[in-house]
Engineer: 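Below are the structure tokens for one structure; questions will follow.
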Amino acid sequence: MENKHLISITDYTKEEIFKILDLAEDFEKNPNQNLLNNKVVATLFFEPSTRTRLSFESAISRLGGKYIGFTDASSSSVSKGESVKDTIMTVANYSDLIVMRHPIEGSARWASEVSRVPIVNAGDGANQHPTQTMLDLYSIRKTQGTLDNLNVCFVGDLKYGRTVHSLLQAMAMFNTTYNFVSPKELRIPDEYKLYLDKKGLEYQEHRELDEVIKSADIIYMTRIQRERFSDPMEYEKTKNAYVLKNNMLEETKENMKVLHPLPRVNEIDTDVDENTKAYYFTQALNGVYTRQAIITYILGLK
Ligand code: CP
């Protein structure tokens with residue numbers, strides 16, 4: 001049987017996405033299940049991570065599985081010059097599924113073409129972060145009761161933010177109204193605008209957050225991705241572009257939730273954390289349930 005990978009969110013149909021969200025709901029009710037007995041999952045992180053790696057490892061542990069891997073390429077033989085291909089072909093011999101984060105766009109797709117076990121993309125450069133999208137969709141459905149016909153406001157680094165790229169593609173299945181708020185240097189790339197154009201979906205680009213905040217069902221804040229800038233001066237120019245403060249939420253919709261894939265630097269003031277509209281830490285918790293769902297779905301255990 002051919003491997004089922006998760007490389008881009010567009011690899012999965014709406015039905016498959018709903019299946020994973022429904023499984024995640026079951027795992028939220030009952031997170032400790034011995035479904036991964038005798039299974040080994042490899043977590044290969046060529047880039048830093050807190051939430052993605054640890055929520056995967058928590059998900060695997062709660063399912064009774066084992067994990068192996070590295071948290072830094074410098075502790076692997078990549079530091080001696082080993083290629084991604086050789087690394088994947090080796091680790092595939094030791095595991096039943098590989099979760100991989102890598103700084104190069106397209107690296108996860110490349111890994112899936114040489115691996116004999118399924119590959120799950122845990123973020124490839126500025127390209128895609130589909131498991132984050134699953135937990136974002138889960139969080140949106142849980143807080144809004146639906147994924148349909150929502151007004152989603154994406155804020156910050158829309159050029160390099162891979163979570164934005166994946167989520168906007170997923171939300172294209174649900175008749176979303178898009179507002180993109182960014183500095184002009186970090187606007188949403190043309191390929192994603194073209195994607196929405198082809199789907200006949202409307203979007204607006206803005207410079208100011210207060211122009212659109214009141215109509216949003218979801219405000220999706222993002223960090224300015226310092227590690228992706230080739231020119232440090234460009235980062236300095238944009239790093240404080242948006243700071244969401246508690247008083248800015250006063251006239252927002254009752255149902256509105258603030259999401260953020262995290263980590264946060266300074267784009268959400270800590271005084272927002274106590275606001276009932278702040279959802280980002282629960283959003284990160286939802287990553288455990290959705291990653292349990294993704295693993296068991298891909299391995300055909302659910
Ligand atoms: N959201 C996210 O990918 O966080 P980490 O970089 O901590 O994994």
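Indexing begins at 1, ligand by ligand and atom by atom, following the structure's order. This chain uses plain numbering: 1 for the first residue, then up along the sequence.
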Engineer: Below 4.0 angstrom from a heavy atom of Gln132, which ligand 1 atoms are there? Numbered from 1 as shown, please.
Structural biologist: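 Contacts of ligand 1 toward Gln132, numbered from 1: 1 (N), 2 (C).
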Engineer: Check Thr270, Thr222, Val272, Asp269 against Arg264 for a side chain to side chain contact (heavy atoms under 4.5 Å, CB included) and give me the one that passes.
Structural biologist: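 In the set Thr270, Thr222, Val272, Asp269, the residue that makes a side chain to side chain contact (heavy atoms under 4.5 Å, CB included) with Arg264 is Thr270.
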Engineer: Over 60° means perpendicular and under 30° means parallel, so classify the ring planes of Tyr235 and Phe229, tilted if in between.
Structural biologist: perpendicular
Engineer: Do Tyr67 and Phe45 have ring centroids that are under 6.0 Å from one another?
Structural biologist: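 Not close enough - the centres of the two rings lie 6.0 Å or further apart.
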Engineer: Between Thr163 and ligand 1, which part of the residue brings a heavy atom under 4.0 Å of the ligand: side chain, backbone, both or neither?
Structural biologist: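 Neither part.
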Engineer: Counting from 1, what ligand 1 atoms have a heavy atom of Thr50 closer than 4.0 Å?
Structural biologist: 5 (P), 7 (O), 8 (O)
Engineer: Can Glu47 be said to touch ligand 1, with heavy atoms closer than 4.0 Å?
Structural biologist: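 False for this residue.
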Engineer: Looking only at atom types and distance, does a side-chain atom of Asn121 sit under 3.5 Å from a main-chain N or O of Leu6, one as donor and one as acceptor?
Structural biologist: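 Absent.
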Engineer: Considering non-hydrogen atoms of the protein only, which is the closest contact for atom 6 (O) of ligand 1, and what is the distance?
Structural biologist: Arg101 NH1, 3.0 Å
Engineer: Measure the distance from atom 1 (N) of ligand 1 to every protein heavy atom, then report the residue, atom name and distance (to 0.1 Å) of the closest one.
Structural biologist: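 Atom 1 (N) of ligand 1 sits closest to the protein heavy atom Pro261 O, 2.8 Å.
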Engineer: Any N/O of Arg53 closer than 3.5 Å to an N/O of ligand 1?
Structural biologist: no
Engineer: Under 3.5 Å, is there a donor on one side chain and an acceptor on the other for Arg53 and Thr71?
Structural biologist: no
Engineer: Please identify which of these residues, Phe180, Tyr178, Tyr279, Phe154, meets the ring-ring contact (aromatic ring centres under 6.0 Å, His included) condition with Tyr220.
Structural biologist: Phe154
Engineer: Would you say Leu262 has any N or O atom under 3.5 Å from an N or O of ligand 1, going by distance alone?
Structural biologist: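 For ligand 1, there is an N or O atom that lies under 3.5 Å from one belonging to Leu262.
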